[in-house]
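Chain A is the first sequence line, chain B the second, and so forth, proteins listed ahead of strands; every chain is numbered from 1. Since the model is a prediction, treat every value here as computed from it, not as a measurement.
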Amino acid sequence: MPEYPRTRPRTRGEWIYRALLQVYPREFRDEFGDAMVEFFRDRNSAARAEGTISLVRLWWRVALDLLRNALPARADALVRSLRRVRDYHRAPRTAPSLGFLRQEDRMFATMFQDLRFALRGMRRAPGFTLTVLATLAIGIGASVTIFSVVNGVLLKPLPYPEPHRIVRAQHLEPFGTVSEPEFVDYKREAKAFALLAAYRTAPVTLGGTDGEPERIEAAVVSEDFFPVLSRPMALGRSYNADENRRGGPFTTVISHGLWQRRFGGDSSVIGRQIVVNERPRTVIGVARPGTDFPNNGISIWLPMRLNYDTLWDRNNHYLELIGRLAPNATVERAGREIQTLARRFQRDFPDMYGGGALITRVTPLSNVMVADAKPYIITLFGAVGFVLLIACVNVANLMLARGESRRKEIAIRSAMGASRARVTRQALTESLLFAIAGGVLGLLAAIGGVGALRALAPSSVPRVDEVAVDPMVMLFAIGVTLLTGMLFGMGPALRAVRDDAAESLKEGGKTSSGNARGLGRMRRTLAVSEIALAVVALSGGGMMMRSLWHLQAIDLGFRPDHVLAMRLAPPQSYAGGQGAALYDRILERVRALPDVEKAAAVEDLPITDGNSMWSILVDGAPQTSVAKAPVAMPQKVTPDYFETMGIRLLRGRSFTEADRPDAQLVAVVNETMEKKLWPGKSAIGGTVKLLSEQMPWATVVGVVRDVRSRGFLEEIPPTMYFAQAQAGRIAFYVPHHMWILARTRGEPSAITASVRAIVREIEPATPIARVQTMDEAVAASVASRRFTTSLIAGFAAIAVLLAGLGVYGVITYSVNQRQFEMGIRMALGATRSRVVNHILREGLWTGVTGAAIGLVFASGATRLLRATLVEVKPGDPLTLVVVTLVLLSVAMLASWIPARRASAVDPVRTIRAE
Amino acid sequence: MPPTPQDLLPLRPIDFLILLMVAPRERHGYGIMQDVLEHTEGRIELEAGSLYRTIRRLGDQGLIEESARRPAAEADDERRRYYRLTPFGRKVAMAESARLRSLVRLAEAARLLDPLPGRARA
């Protein structure tokens, strides 16, 4: 304490300084405040004597000093406070109260006491602690893991500068893509775009000077493509105007992955020449690692070199567009401008555009990239939310049970003077400790979970490389932990306060007081809510599983089992008639292999490849415009194709060796095409030709079953098949890039090496782009959906398990409470089975109530799943019935175990124990 | 076990400097600041916050203590706080000085410093 009263401030400056000193902790101020004021006084008078500049300098230094020392001083004060508390606890206690510590230390002291108490409690009941921690770890771990997916895929902005200004301009109907003249017009007229670029993807052959020729996926891009993304290169640069112009030098940009894989990450790759599709190109840049555009499979970007003088036809649609908005433009304005221009096209070129309107859309890029995955991810997040909720309810139940068993102890403490606030605080501390411990375990589990997810997720999940436990995810983990702690901590804390101390201390207070009954009711309510939540979760999961099953049971139209598919890309010299002969030779050798039943070749594989629709004429119809002509998807195949793929021939015949270019020109159509273009009669004998003037007519000789093309669920397009040999005459060209298909007796992948050898022998310069069995191809197309559905089903199962545990806990507790009563009953003559039935009824009641509530919510909640369901209606009755039965049996099983145990107990002992 | 002087070595430069300033006689805060300023030829100018935090730290370590208050040089009825070395503080200051001297001797031997006049070259 100061020996003399503090003097009054002398000057205004001193007054300000005293005010500033408040920043320091009180302890420090008490000790040194006067001295510091004295110090300041001396400096102040000295500075005033020297002049204004000195004064300014003084205040500057004072400010710096304050900034530098205030926080450390506060930290010091904290440490000293903690030390005092620690020393206090070590020293022999002479009085039970905490009056010897200072005011600010008291808070720490009580906190420590609460923590020690809570830790002791945890150690004394290891089973309880373990159960609670495990439950929390599951709930928190699962939610953090899934949140990292939500964060990485949906929430994080794309890794481009100002990603919200990058948009995709699409044609929706009737074409899905854009033609060159349309692109040029958009570019010129749509002022909402600062930059507009076009691109398409195509597989190309990377020449094999230093290795085998390799098929890689390329993106062919116009000149503004990289400026739209404006992501800097890892090495080198992107195209300049010269290189993206016809007549300029041939250059290319490669992806980071390709750079590492094929060029060993060697920085001298810049300026090197590589051969792409037999043309040498100079590598001018390497892209940064991470999300490649337009998809992760792109290994190389090639300049489009649009010739603005000779653009392709307006009705030749094949481009995609991407653009960057002008500084003050919005997505809506860009959309309006594009749509207006589209309408103008229709007005100016009526022959090109049919009756239907050209519908366009402009969307932010981030939406586009994740659009398919979004509903699944959100559903997954919802499912895991259920797991977390049920886990919280379980833990709350457990805490309540324990609180009940400690009532005597708490009553004693209250009687000895602990205030209600203190008791509540202690209960909260305990809950918080559990929550934090559970949270840490959950976070560790989530780190493992994220690692597993990234390893197992199919590559079709967008942006999967951005799923990680980053600061945002950690923040979520902390938030979830605290929320969880509050959720399950509130119950016991409130109860602890409400208990009547005197009642609890009475003999037999356990069974007869109203408190116990009230507690039992609360716990039963919680158990009912758990069942309800589990019903909703399982319904959702069940419906998704049924969707998946439907999807996989969809009739593909062909038999994918035992078929090997191998994509060949022979060099350009085979374009033109020679392609047919090459495949003939290869197929002859393949058929000769011992295990092969049938072999054929096709240009586009069902399910995995798509194809565009071509305009056609039917049955001698006169030449008409693109707008008015019907369309069909062309496929070029070798004889035996339908037999190899197991596509059923409905009528007529399929292709044979006799279908040569000089023989009658023939075609085979699918059911859809027959129904559409020859309604009510057979297509056999009809004629079809492509819309181009010089194309000859072909006669339809066969009708085959529909085959699902890319996208299981899309409408099957009218499809026409041409013989590969004749394709040069009736379909513009003979394809030389085709899939070799072989139906085997045994395992299809067993003949891979032999077929490779055959190809290498016949034409060594042919890279083999892809090899897969048709089963794999089909599975890959549902891989993404199957992955998320499995996850959701897994979480639903965990939810059911936790709910079952919850019911078990409640029933056990209630059985324990009523042991006395049951003992009397049995002593008075009730049979064991009566007792067991009584308990089982209670369990059934819990289950039925919970299921009823859950069903009400489930039929509503599953409506949200509509986007992901296939041929299953939300509120599907079959699923709901099955789910109800499952949960009821779980509830019964959970009641049966304690019931058995209870009935096995000796009644006399029970009564005596009271 | 109470700490020995050796336990606290090496001292922070600022700590040693302050011990040096109060070693010959008691000083108050402002005076310490002035002495340090003068002895370092204006290079180190202590401010209130840093100074008193250091003084507190040295006090916690038992090196300096507050002495009786005395009236200020200017007679205006004020009483300032004065600080002085504790016996333990003196021991520590002496130990640190000895440590520094042995370092200086090493520097002289390595010809990094010219030896002070009156001492033979080692």
Side-chain angles (χ1 to χ4, degrees), chain A residues 1-11 13-14 17-18 20-25 27-47 49 54 57-77 79-80 83-84 87, chain B residues 1-3 12-15 17-18 21-22 26-38 40 42-86:
Chain A
M1 264 201 292
E3 289 173 351
Y4 54 90
R6 249 184 236 164
T7 53
R8 300 187 52 92
R10 295 254 181 88
T11 60
E14 194 178 314
Y17 189 74
R18 282 182 194 239
L20 286 175
L21 277 185
Q22 296 289 325
V23 174
Y24 285 95
E27 196 190 25
F28 190 82
R29 280 200 317 270
D30 283 347
E31 202 173 333
F32 293 110
D34 299 336
M36 286 175 81
V37 170
E38 289 167 8
F39 192 94
F40 176 78
R41 261 193 218 141
D42 292 331
R43 306 256 296 160
N44 202 14
S45 30
S54 289
R57 186 171 167 274
L58 170 65
W59 278 104
W60 171 247
R61 291 187 59 90
V62 161
L64 281 182
D65 182 54
L66 202 72
L67 283 172
R68 255 207 301 266
N69 287 298
L71 253 129
R74 286 215 172 254
D76 289 344
V79 168
R80 292 160 84 89
R83 275 211 202 108
R84 271 199 299 277
D87 292 339
Chain B
M1 212 163 56
R12 272 180 240 211
I14 182 68
D15 293 0
L17 209 48
I18 290 180
M21 297 303 136
V22 297
E26 302 174 339
R27 293 295 272 146
H28 57 77
Y30 191 66
I32 294 177
M33 190 278 278
Q34 280 176 319
D35 286 348
V36 166
L37 195 62
E38 188 185 314
T40 59
R43 266 181 297 116
I44 300 184
E45 188 177 347
L46 291 170
E47 277 301 332
S50 318
L51 176 63
Y52 286 104
R53 274 186 65 216
T54 311
I55 287 179
R56 167 186 259 193
R57 185 173 65 241
L58 293 173
D60 283 347
Q61 289 175 318
L63 301 181
I64 66 177
E65 63 191 359
E66 198 178 317
S67 71
R69 297 193 188 231
R70 294 198 258 127
E74 312 86 59
D76 41 31
D77 206 43
E78 272 186 41
R79 294 190 179 263
R80 294 174 187 272
R81 293 177 189 216
Y82 280 75
Y83 297 96
R84 64 165 176 232
L85 277 186
T86 61

Turns out that what part of B:Leu51 lies under 4.5 Å from chain A's heavy atoms comes down to side chain
Of all heavy-atom pairs linking B:Gly49 and A:Asp65, the shortest is N-OD2, 2.6 Å
Check your understanding: Is it true that B:Asp60 and A:Arg80 have a side-chain N and a carboxylate O under 4.0 angstrom from each other?
Key -> yes
Value for CZ (A:Phe39) from CD1 (B:Ile32), rounded to nearest 0.5 Å, stands at 9.0 Å
Rounded to the nearest 0.5 Å, the OH atom of B:Tyr52 sits from the CZ atom of A:Phe28 at a distance of 9.0 Å
Quiz item: So, are A:Arg43 and B:Glu47 salt-bridged, with charged N and O less than 4.0 Å apart?
Solution: yes
Here the gap from B:His28 atom NE2 to A:Asp42 atom CG, rounded to the nearest 0.5 Å, amounts to 6.5 Å
To the nearest 0.5 Å, atom CZ of B:Arg56 lies from atom CG of A:Asp76 at 7.0 Å
Check: Step by step, would you call A:Arg61 with B:Glu45 a side chain to side chain contact (heavy atoms under 4.5 Å, CB included)?
Finding: CA-CA 10 Å; A:Arg61 291 187 59 90; B:Glu45 188 177 347; 3.5 Å; yes
